[in-house]
Amino acid sequence: MQKLSKVVVTGGAGFIGSHLVERLLEFCNEVVVLDNFSSGKVENLKNVKSDEKLKVIRLDLLKNNEINDKIANADVVFHIAANPEVRISEPKVHLEQNILATYNVLEAMRKTDVKKIVFTSSSTVYGEAKKIPTPEDYGPLEPISMYGAAKLASESLISGYSHTYGIIGLVFRFANVVGKRANHGVIYDFIQKLRNNREELEILGDGTQRKSYIHVSDCLDAIFHVLDKESSKYCVYNIGNLDSISVSEIADIVIEEMKLKNVKKKFTGGVEGGRGWVGDVKYMQLDVSKLISSGWMPKLSSKEAVRRACRELLEDIATPSF
Ligand code: NAD
């Protein structure tokens, strides 16, 4: 990677953000984390807390008057902060935490002349895609959750700022990202449920929901791969795996990794044909050929990523500071 003098990571104390910060510190002179610690934790940055290049600032992106001086002179802003919980259907949460926060970051960039943003979007922008695997140029984009709608709105804002004010926008649409320090998602949920009840596991939906999973290490490899090569003003990349795994198979992996026997899997049946919740996309696999043709390849399959993440989360739980 090319050496950068200053980068800003919003949401850098969260799951993906903290892994990103660890990587950025290897080749940046200054890494500034802006986080309100709503779901992020100081402990997530414990591996790098004594690094003098790291500056952690408690800041809420909804307080737009505080952002400008923190991001001034940055080479790149990695805008990771969001409310990532697809299951929250309250529109105001997504309007504020996802759309308004993105607008505030972009406005601060425009005012301070910061020229590059990396944005973590999501497969949910595709909604119930008729084409699977789904490529970046699939349309029409009809998200079926408020989270997906907010991600799509944020992408549109970035595109507008890019074409109007010359801000370079790199948008990454993630499949499900898993790994150490994840604080939400199906593996995390199953582990929590099984810690409370070792005999029965409640599974939302009918268990046949099938999605693509990627380990956070492969996901970050993909981001840095694109950062090094891409020179367009605005571009979109899917980041996901070449395969998928069902919710029921994930449950089996978690049960096995927790060394539990005779656990009864209790399916709630869910809503609208076996979805976990309203807004849950039942089948998701992203077409990642754009990334692969540029030379990137995931090291772990969906199943391997899930298994490794499960082990890592169990290790997190066994570590006192978590
Ligand atoms: P996370 O909750 O661990 O991280 C989000 C971080 O943003 C947290 O540290 C939180 O404290 C911070 N934050 C939230 N609102 C803020 C605000 N108003 N001001 C300042 N900080 C704020 O979630 P994650 O899984 O690491 O997700 C990171 C990004 O990747 C999000 O944008 C999410 O939508 C996206 N994404 C994640 C996945 C996944 O599977 N984890 C999939 C697709 C997209």
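Ligands are counted one by one from 1 in listed order, and the atoms in each one are counted from 1 as well. Just so we're clear, the structure is a prediction, and the values are computed from it rather than from any experiment.
- F15 and Y188 have their aromatic ring centers separated by at least 6.0 angstrom.
- Residues passing the ring pair (Phe, Tyr, Trp, His ring centres under 6.0 Å) test with H225: none are found, sequence neighbours excluded.
- Crowding of K3 atom NZ: a count of heavy atoms from other residues, nucleotides or ligands under 6.0 Å exceeding 12.
- Using a heavy-atom distance under 4.0 Å as the criterion, the protein contacts of ligand 1 are G11, A13, G14, F15, I16, D35, N36, F37, S38, S39, G40, L59, D60, L61, I80, A81, A82, P84, Q97, T120, S121, S122, Y147, K151, F174, A175, N176, V177, N183, H184.
- Taking a 4.5 Å side-chain heavy-atom cut-off between Ile, Leu, Val, Met, Phe, Trp and Tyr, the cluster of L204 extends to V86, Y147, W277.
- Between Y234 and S159, some side-chain heavy-atom pair lies under the 4.5 Å cut-off.
- Legend: residues meeting ring pair (Phe, Tyr, Trp, His ring centres under 6.0 Å) with Y165, ordered by chain and number and at least two apart, are Y161.
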